[in-house]
Visitor: 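Have a look at the structure that comes next, please.
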Amino acid sequence: MDNIRLNVALLRKKVPNLTSAAKSVGLRPATVSNLSTGKIPVGRAEVRTIVALAELAGCSLDELILRGESVEMIQTGIKTLDLFAPISKGGTVGLVARPGMGQLVVLAEMLHRLKREGFVTVLIKPKGDYPELDDVLQDVDFVTKNIEETEKIMQREGVDKDYALTADRSYVLSGEMFSLQESFDNNGVSSVTTFLIDLKGGAVDEDLPYGPLDTLWQFDADLAARHKYPAINPIYSTSSILEGSYLDPVHHSIQQRAQKLLRRYRELRAIVNVHGLERLPASESQVYQQGEKLEAYLTQPFYVAEAFTGKKGEDVKLQDTLSDVKKILDNPSSIASAEELDFIGNIK
């Protein structure tokens, strides 16, 4: 039962407004979202939930549930993303953030890295005036005005290329994104990795703001306020890649242990912020300091921010991230302080 997952692409295509549809048959949108991203494994879901989703999509259970299909992970070289919420090639990533949390910087960095790897980058310009998007455009090959223009460019560039497509939530709400994805299927455009953003910040208040997703990046106000960038919450961000036998067991084990430590560290931070570190017993104080080191390690200098930070952008291979995080989990005393881990690449 470990090697099964929902056919997210089919759900997106068949049920454009899944939030309303799920509620209409008594399903919680949050449950559907967690099933889509793998936060709730399909094997642990109630049978009635899966049956209801199949009925909504007008498909069979065999069509809704993918068994044993390989998933290709895009290694971004960004530590916190690759460890906690990796991207599947051809999947859909939703960025959930309020303005000021750094989502556009993360998006710009992703487009920079994907373009470097040979992806054709396309941004559908959102309706309205958003000058803040100008900072993203440096690594965008094509800026389109609408869905039709996007289709034409992909047909002209070639259906066999790898695309990184960015669109605002307004295109999801209007149903245009679903039409575009259907067009991809019909025209043989097979590799489109989609990034959905919400420039108005309303997605934060929705259980299923973009419909079903392969990967969810939940941005964190506390991390942003403390300038711990990228400010992506390692506990609530998730990906369907983290479930199933195609994930390396070592990755899964380290990810689970790291997440558990960071969850406890956040609980202890609340105490320390009020009463000070001296109120913690010695064992909890060690956990706190260990979590502080891991949180600092997960910060990273970005290429697109070099002019502002004065720090050179860093790539960290997934294997190095796993090795470094294991070192922090197993032997935190080998690292002198959290400060020496702030905005580095890998541990030297």
Side-chain angles (χ1 to χ4, degrees), residues 5-40 42 45-61 63-66 88 90-98 103 123-128 130 144-148 150-151 165-187 189 192-219 236-240:
R5 61 191 174 90
L6 282 189
N7 189 337
V8 173
L10 180 67
L11 268 181
R12 292 186 65 83
K13 179 179 174 182
K14 296 282 191 178
V15 195
N17 194 342
L18 188 55
T19 304
S20 300
K23 288 178 179 176
S24 72
V25 294
L27 298 180
R28 292 181 63 244
T31 300
V32 179
S33 175
N34 289 337
L35 280 169
S36 299
T37 56
K39 202 166 189 179
I40 299 176
V42 174
E46 292 185 14
V47 173
R48 70 172 190 87
T49 300
I50 303 300
V51 170
L53 285 175
E55 289 175 351
L56 286 175
C59 67
S60 67
L61 291 176
E63 290 174 305
L64 182 64
I65 296 175
L66 299 176
S88 59
T92 301
V93 184
L95 284 68
V96 176
R98 296 199 190 280
Q103 71 164 326
L123 183 145
I124 309 175
K125 197 169 184 181
K127 302 171 177 69
Y130 295 99
T144 64
K145 296 176 183 176
N146 51 48
I147 298 294
E148 293 75 21
T150 307
E151 290 182 64
L165 173 68
T166 300
D168 180 69
R169 186 178 176 224
S170 59
Y171 288 101
V172 177
L173 297 177
S174 68
E176 293 171 274
M177 275 304 298
F178 301 105
S179 300
L180 181 59
Q181 286 167 330
E182 192 167 23
S183 171
F184 294 157
D185 292 340
N186 294 338
N187 293 303
V189 183
V192 182
T193 304
T194 305
F195 297 89
L196 299 175
I197 59 174
D198 176 33
L199 295 169
K200 293 182 178 178
V204 175
D205 303 314
E206 300 283 344
D207 285 329
L208 208 61
Y210 302 111
L213 297 167
D214 298 278
T215 300
L216 169 70
W217 292 344
Q218 181 92 41
F219 285 71
Y236 295 110
S237 299
T238 188
S239 167
S240 59

Visitor: What I'd like to find out is whether the side chain of Pro212 reaches to under 4.5 Å of the side chain of Leu6, using heavy atoms alone.
Guide: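 Of all side-chain heavy-atom pairs linking Leu6 with Pro212, none is under 4.5 Å.
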
Visitor: Would you indicate whether the side-chain heavy atoms of Asp198 and Pro209 approach each other to under 4.5 Å?
Guide: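 No; the side chains remain at least 4.5 Å from each other.
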
Visitor: What heavy-atom pair brings Glu63 and Ser60 nearest, and what distance separates the two atoms?
Guide: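 Scanning both residues completely, I find the closest heavy atoms to be OE1-N, 2.8 Å.
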
Visitor: Return the CG to CG distance between Leu213 and Leu208, rounded to the nearest 0.5 Å.
Guide: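 If I round to the nearest 0.5 Å, the distance is 7.0 Å.
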
Visitor: Do Lys127 and Tyr171 form a cation-pi contact, if we require the NZ or CZ to be under 6.0 Å from the six-membered ring centre and within 45 degrees of the ring's axis?
Guide: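 Checked: cation-pi criterion met.
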
Visitor: For atom OH of Tyr130, is the number of surrounding heavy atoms from other residues, nucleotides or ligands below 6.0 Å larger than 12?
Guide: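 Correct, the count exceeds 12.
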
Visitor: Name all pairs fulfilling the side chain to side chain donor-acceptor pair (under 3.5 Å) condition that reach into residues 199-217, sequence neighbours left out, sorted by first residue then second.
Guide: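 Side chain to side chain donor-acceptor pair (under 3.5 Å) check on residues 199-217 returns Arg98-Asp205, Thr215-Ser239.
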
Visitor: Which heavy atom in Thr193 sits nearest to a heavy atom in Ser88, and how many Å separate them?
Guide: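 Of all heavy-atom pairs spanning Thr193 and Ser88, the closest is CG2-O, 4.1 Å.
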
Visitor: If you look at every heavy atom in Ala22 and Val32, which pair is closest and at what distance?
Guide: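 Closest approach of Ala22 to Val32, heavy atoms only: CB-CG2, 4.1 Å.
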
Visitor: Show your reasoning for whether side chain to side chain contact (heavy atoms under 4.5 Å, CB included) applies to Leu10 and Cys59.
Guide: CA-CA 9 Å; Leu10 180 67; Cys59 67; 3.8 Å; yes

Visitor: Hey, could you give me the CG/NZ distance between Leu216 and Lys39, rounded to the nearest 0.5 Å?
Guide: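 With rounding to 0.5 Å, CG (Leu216) is 7.5 Å from NZ (Lys39).
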
Visitor: Out of the candidates Val42, Val51, Ile50, only one should pair with Leu64 under the side-chain contact (heavy atoms from CB on, under 4.5 Å) rule; please name it.
Guide: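 Per the side-chain contact (heavy atoms from CB on, under 4.5 Å) rule, the option paired with Leu64 is Ile50, out of Val42, Val51, Ile50.
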
Visitor: CD of Glu182 to CZ of Arg12: how many Å apart, nearest 0.5 Å?
Guide: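 One finds 13.0 Å between CD of Glu182 and CZ of Arg12.
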
Visitor: Please test Met177 against Leu165 for side chain to side chain contact (heavy atoms under 4.5 Å, CB included), starting from the C-alpha separation and ending with a verdict.
Guide: CA-CA 11 Å; Met177 275 304 298; Leu165 173 68; 4.2 Å; yes

Visitor: Could you give the distance from OG (Ser179) to CD (Glu148), rounded to the nearest 0.5 Å?
Guide: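 Going from OG on Ser179 over to CD on Glu148, the span is 9.0 Å.
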
Visitor: With a 3.5 Å distance limit and no angle check, can you tell me whether Ser240 reaches the backbone of Gly38 through a side-chain donor-acceptor pair?
Guide: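 Side chain of Ser240 to backbone of Gly38: no pair is present.
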
Visitor: Let me confirm one number: the OG1-CD distance from Thr92 to Gln181, rounded to the nearest 0.5 Å.
Guide: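 These two atoms lie 5.0 Å from each other.
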
Visitor: Do Leu11 and Asn7 have side chains that get closer than 4.5 Å, going by heavy atoms?
Guide: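 Heavy-atom side-chain distance check fails, nothing below 4.5 Å.
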
Visitor: Taking all heavy atoms of Ser183 and all of Glu151, pick out the closest pair and write down the distance.
Guide: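 That would be OG-OE1, 2.6 Å.
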
Visitor: Step by step, would you call Leu180 with Ile124 a side chain to side chain contact (heavy atoms under 4.5 Å, CB included)?
Guide: CA-CA 11 Å; Leu180 181 59; Ile124 309 175; 4.0 Å; yes

Visitor: Would you check if the side chain of Ser33 reaches a backbone N or O of Ala30 as a donor-acceptor pair within less than 3.5 Å?
Guide: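 Not confirmed, Ser33 side chain does not pair with Ala30 backbone.
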
Visitor: For Val8 and Ser36, work out which heavy atoms get closest and say how close.
Guide: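 The answer is CG2-O, 3.6 Å.
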
Visitor: Nearest 0.5 angstrom please: Leu27 CG to Glu46 CD, how far?
Guide: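 So the CG of Leu27 and the CD of Glu46 are separated by 9.5 Å.
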
Visitor: Considering only heavy atoms from C-beta outward, does the side chain of Lys13 approach that of Asp185 to under 4.5 Å?
Guide: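 SC-SC contact between Lys13 and Asp185 confirmed.
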
Visitor: Decide yes or no on side-chain hydrogen bond (donor to acceptor under 3.5 Å, both in side chains) for Thr37 and Thr238, but give the supporting numbers first.
Guide: CA-CA 6 Å; Thr37 56; Thr238 188; 4.6 Å; no

